[in-house]
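Quick notes on the structure that follows.
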Amino acid sequence: MTNGNLLEVKNLRTYFNTEDGEVKAVDGISFQLQRGETLGIVGESGSGKSVTNLSLIRLIPSPPGRIVSGEVIFDGVDVLSLTEEEVRKIRGRRIAMIFQDPMTSLNPFMKISRQLMEITQLHLGHTTAQAYEHAVKMLETVGIPDARSRVNGYPHEFSGGMRQRVMIAMALSCEPKLLIADEPTTALDVTIQAQILELIKTLKQATGTSVILITHDLGVVAGMTDHVIVMYAGKVFEQAPTTELFARPGNPYTKGLLRSVPDPTDERGELYQIPGLPPTSRVCRPVVPSRPAASGPKKFAGVSFRRSCS
């Protein structure tokens, strides 16, 4: 792609059929990701972050979900127009994903070596011996001590942090151009979180891989990303360079998220909460806000948030 973008998402819509009707989990979002860049996607639970990224690699379960419309242009090719067999050649090879929960993402009945070897045998054509040595090398790369003896262990023999490192090793085994990290530090203690994030940053710098980081932690976003997308009710409400968004948020919802971050200097110890509950995308629509401040982020979504609907 001549414009420097590795990924361009255009008007993506992913809907789910439920007992209560159609839910528009992702409702017409667009964004770009440049080569070598880290993009943060933030928003409260249910805003559509994970569904967006599952849509990028065509992992939406059907039924009940379906990708209704849009384009996902990855390295010049629309992923949504490919056959399932063509997508399989991209998924895991050129686009890899670290899933939310390392406790359940690994097969408990298979050795770690087998799970790592499958990827390179499928995508890189490794022999059994080559795949085994590559598995050991990847565990060493992500900082697992005594990798050669531990590679034949089962997931339950690893701590949560070690299992997350295995997931990262698996995702990076084929040196993908794009790494999607879906809340990679969920359920990990603060020390391990810092180690995992530093590991992702170091490996990104070494390989030049572009990263999409999904997280609730705005502190992580501030330290890890180049650009940020703020999602709410399946829509992109605001997107801007990270430093600009934190310095001059232009959307009321973004301001609410930033105010929700605990302030250690607040002697009252009170946490700010955005009042009410998110609307269901099926019955509610965003409202048009007042004009954003001229100094705010330039890529203003043109919509505000409403916390209750009729």
Side-chain angles (χ1 to χ4, degrees), residues 38 40-42 45 49-50 53-54 57 59 91-92 95-123 126 128 130-176 178-207 209 211-225 261-262 264:
T38 299
I41 301 181
V42 301
S45 296
K49 306 185 299 298
S50 294
N53 287 281
L54 290 172
I57 52 178
L59 283 180
R91 191 190 299 138
I95 304 177
M97 187 166 184
I98 304 171
F99 294 92
Q100 280 192 30
D101 189 359
M103 313 299 178
T104 57
S105 297
L106 294 169
N107 189 324
F109 300 105
M110 291 176 63
K111 292 181 179 179
I112 295 298
S113 58
R114 182 69 259 165
Q115 298 187 58
L116 286 167
M117 290 166 63
E118 277 187 343
I119 300 169
T120 55
Q121 287 179 305
L122 174 64
H123 291 296
H126 281 182
T128 300
Q130 289 173 328
Y132 185 85
E133 289 302 318
H134 190 76
V136 174
K137 177 184 175 183
M138 289 308 301
L139 291 188
E140 291 173 344
T141 300
V142 298
I144 291 182
D146 197 15
R148 188 166 294 277
S149 64
R150 302 209 66 183
V151 73
N152 288 315
Y154 288 90
H156 72 270
E157 299 176 297
F158 287 67
S159 67
M162 288 297 181
R163 273 181 281 203
Q164 192 62 286
R165 289 174 186 267
V166 171
M167 291 297 299
I168 295 172
M170 192 177 297
L172 295 176
S173 286
C174 298
E175 298 185 0
L178 171 60
L179 175 66
I180 301 172
D182 190 354
E183 299 191 34
T185 57
T186 297
L188 301 178
D189 64 65
V190 176
T191 302
I192 302 301
Q193 284 184 25
Q195 293 175 0
I196 295 298
L197 292 171
E198 187 61 32
L199 174 61
I200 293 174
K201 183 185 294 186
T202 300
L203 294 174
K204 171 186 175 295
Q205 293 170 346
T207 62
T209 299
V211 177
I212 295 178
L213 178 64
I214 306 169
T215 182
H216 289 99
D217 193 330
L218 293 174
V220 170
V221 169
M224 290 282 294
T225 66
V261 177

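In this structure, His123 NE2 and Glu118 CD are separated by 10.0 Å, a value rounded to the nearest 0.5 Å. In this structure, the separation between CG on Leu54 and CG on Asp182 is 7.0 Å, given to the nearest 0.5 Å. The CD atom of Glu157 sits 10.0 Å away from atom CG of Asn152, with the distance rounded to the nearest 0.5 Å. Interatomic distance, Cys174 SG to Ile95 CD1, rounded to the nearest 0.5 Å: 13.0 Å. In this structure, Thr128 OG1 and Met117 CE are separated by 5.0 Å, a value rounded to the nearest 0.5 Å. For the atom pair Gln121 CD and Leu116 CG, the distance stands at 11.0 Å (nearest 0.5 Å).
Residues passing the salt bridge (Lys or Arg N to Asp or Glu O under 4.0 Å) test with Arg148 are Glu133, sequence neighbours excluded. By the side-chain hydrogen bond (donor to acceptor under 3.5 Å, both in side chains) test, Arg150 is found to be paired with no residue, residues two or more places apart in sequence or in another chain being considered. Listed by chain and residue number, Ser45, Glu183 satisfy the side-chain hydrogen bond (donor to acceptor under 3.5 Å, both in side chains) test with His216 (two or more places apart in sequence, or in another chain). Considering only residues two or more places apart in sequence or on other chains, Thr215 meets the side-chain hydrogen bond (donor to acceptor under 3.5 Å, both in side chains) condition with none of them.
Screening residues 195-205 for salt bridge (charged side-chain N to carboxylate O under 4.0 Å, His left out) gives no qualifying pairs among residues at least two apart or on separate chains.
Residues Thr209 and Glu175 fail the side-chain proximity criterion, which asks for heavy atoms closer than 4.5 Å. Counting heavy atoms from C-beta outward, Thr225 and Leu213 have side chains that approach closer than 4.5 Å. A heavy-atom distance below 4.5 Å is not found between the side chains of Thr120 and Gln130. The side-chain heavy atoms of Leu179 and Ile212, taken from C-beta on, include no pair separated by under 4.5 Å. Inter-residue side-chain proximity for Pro108 and His156 is flagged as unmet; no heavy-atom pair is nearer than 4.5 Å. With a 4.5 Å cut-off on side-chain heavy atoms, Ile41 and Asn53 count as touching. Inter-residue side-chain proximity for Val166 and Leu139 is flagged as met; some heavy-atom pair is nearer than 4.5 Å. Residues His134 and His126 form a side-chain contact, since some pair of their non-hydrogen atoms from C-beta on lies under 4.5 Å apart.
Checking Asn107 against Tyr154 by side-chain atom types alone, no donor-acceptor pair falls below 3.5 Å.
The heavy-atom pair separating Met138 from Ser173 by the smallest distance is CG-OG, 3.8 Å. Taking both residues in full, the closest heavy atoms of Arg165 and Val142 are given as NH1-O, 2.6 Å, listed atom of the first, atom of the second, then distance. Lys49 and Val42 make their closest contact through CD-C, 3.6 Å (heavy atoms, listed as atom of the first residue, atom of the second, distance). Across every non-hydrogen atom of Met110 and Arg114, the tightest pair is CE-CG, 3.1 Å. Pairing each heavy atom of Ala171 with each of Ile98, the nearest pair is CB-CG1, 3.9 Å. Nearest heavy-atom pair across Phe99 and Ser105 is CB-OG, 3.5 Å.
Remark: the backbone N or O of Pro184 is paired with a side-chain donor or acceptor of Gln164 at under 3.5 angstrom.
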Next item on the list: Show the numbers, then the answer: is there a side chain to side chain contact (heavy atoms under 4.5 Å, CB included) between Leu106 and Ile112?
Entry: CA-CA 8 Å; Leu106 294 169; Ile112 295 298; 4.2 Å; yes
Just distance, no hydrogens or angles: give the donor-acceptor pairs under 3.5 Å from side chains in residues 217-224, sequence neighbours left out.
{"residue": "Asp217", "atom": "OD1", "partner": "Gly219", "partner atom": "N", "Å": "2.9"}
{"residue": "Asp217", "atom": "OD1", "partner": "Val220", "partner atom": "N", "Å": "3.3"}

